[in-house]
Amino acid sequence: DKGAYPYYMLKEIDEQPGVMRSLIKHYVAEDGSIKIAPELLTKLNNADRLYIVAAGTSYHAGLVGREIFEGLTKIPTEVHVASEFAYNPPLLSQKPFFIFLTQSGETADSRQVLSLVNQWGYQSLTITNVENSTLSREATHTLLLYAGPEIAVASTKAYTGQIALEALLAKAMGAQKGLTTAANFEVAQELTKVANGMQELVDEKAQIEKIATAALATTRNAFYIGRAIDYDIAQEAALKLKEVSYVQTEGFASGELKHGTIALIEKDTPVVAIITDAKTAKHTRSNAQEVLARGANVIYIVSRALAEEGDQIVLPDVHPLLTPLLAIVPCQLLAYYTSLQRGYDVDKPRNLAKSVTVE
Ligand code: F6R
């Protein structure tokens, strides 16, 4: 029931702080240890490479997962679009381990890959929101998101739930291996900070609505740009906007723009620059200047520590591996309000189904 909310999408955006808290409750013990079976952690840690397989928004959660797993476990990690992997798999390492990210647990493209993985005799883990779903039953292990049902077709809380659970899992793996980076990563504390930051952001919806009205309500196209983890966020932000507002949107690596795509920038083209990664902040800012000089309407979404005078959306500071959890919230809201202003059914965008059970 969506209660007083006009659409499930808005309700589910607002539920994200609660999803963070629910994950902490389910996965963190009183003494701070992570409640994930040691047997699963050992199998993951024995792998020489992790293969994350997913589709759509879950694939984008996988892109962030790569940063998290490599950062906290030091295990090389690849992320694959399921429909590509199914018919054109990469050469595998000696000891692969497969992680399926899937909100519904029913996506046909991901199921196709899991049945290959089972034929090959490799172990797997499904991270899903739906207990007893097909991908959960057919994988060796399952971890649940406990995010509550996601009804809006556009995925919001499942994306942030998947990233938070990846962080809990990577922390547990790294701690089992005795890695200092993982030991120093206080995951429950960090996710609590995220939950509070998300709350601040959803409380400031009116400001995001104004930006959507001014910059996106009538535009033909839009860009989200960033580097490193901010490029991962840009891709998800772009998918959100295009699927509910039908604005042609690209999520782009900001340094790559000048190699061709910058030709599309016209007067007033909205370009949202995402800047949470300290290593690349300066570079994304200079790419934003390049599009500004060609007439773009640049909107900055920036972590507080990196913010400058005039940045429109400033994010509370959190651990560098968790910034997507905050940066995506204003992007979800921009998509929501743009769809609303254009008069669309936000929860049921055209041509889309909640769970895609055909290949
Ligand atoms: C976009 C969206 C889709 C799904 C994709 C995979 O908002 O919801 O891109 O993420 O179809 O679905 P799951 O996660 O159920 O495997």
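Indexing begins at 1, ligand by ligand and atom by atom, following the structure's order.
Considering backbone and side-chain atoms together, T107 places an N or O closer than 3.5 Å to an N or O of ligand 1. At least one N or O atom of Q103 sits closer than 3.5 Å to an N or O atom of ligand 1.
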Walk me through it: do E106 and T134 pass the test side chain to side chain donor-acceptor pair (under 3.5 Å)?
CA-CA 6 Å; E106 300 298 339; T134 309; 2.5 Å; yes
Would Q103 and S58 count as a side chain to side chain donor-acceptor pair (under 3.5 Å) here? Give the steps.
CA-CA 7 Å; Q103 188 280 131; S58 294; over 6 Å; no
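By the rule that hydrophobic residues join a cluster once side-chain heavy atoms approach within less than 4.5 Å of another member, V247 and V272 end up as members of one cluster.
Other members of the cluster containing Y122 are Y51, V53, F85, L92, F98, F100, V113, L114, L116, V117, W120, L135, with ILVMFWY side chains joined at under 4.5 Å, either directly or via other members.
In terms of protein heavy atoms, atom 11 (O) of ligand 1 is closest to V356 CG2, 4.1 Å. Ranking the protein heavy atoms by distance from atom 15 (O) of ligand 1 puts S104 OG, 2.6 Å first. Scanning the protein heavy atoms around atom 6 (C) of ligand 1, the nearest turns out to be A55 O, 3.4 Å. Considering only non-hydrogen protein atoms, atom 10 (O) of ligand 1 sits nearest to T57 N, 3.1 Å.
In this structure, the side-chain contact (heavy atoms from CB on, under 4.5 Å) partners of Q312, at least two apart in sequence or on a different chain, are I211, I299, Y300.
Applying the 4.0 Å criterion to heavy atoms of S58 picks out, from ligand 1, the atoms 10 (O), 13 (P), 14 (O). The T102 neighbourhood of ligand 1 comprises atoms 13 (P), 14 (O), 15 (O), 16 (O), with distances under 4.0 Å to a heavy atom of that residue. When each atom of ligand 1 is checked for a heavy atom of S155 under 4.0 Å away, the hits are 7 (O), 8 (O). Per-residue contacts place K240 under 4.0 angstrom from the following atoms of ligand 1 (heavy atoms of the residue considered): 1 (C), 7 (O). Within the listing of ligand 1, atoms 1 (C), 7 (O) sit less than 4.0 angstrom from a heavy atom of E243.
Residue contacts with ligand 1 include A154, since one of its heavy atoms falls under 4.0 Å from the ligand. At least one heavy atom of V153 lies less than 4.0 angstrom from ligand 1.
A heavy-atom distance below 4.5 Å is not found between the side chains of T284 and S286.
A salt bridge does not link E359 with R111: none of the charged nitrogens is closer than 4.0 Å to a carboxylate oxygen. E70 and K74 are not joined by a salt bridge, as no carboxylate oxygen comes within less than 4.0 angstrom of a charged side-chain nitrogen.
Interatomic distance, OG of S245 versus CG of L216, reported as 7.5 Å (0.5 Å rounding).
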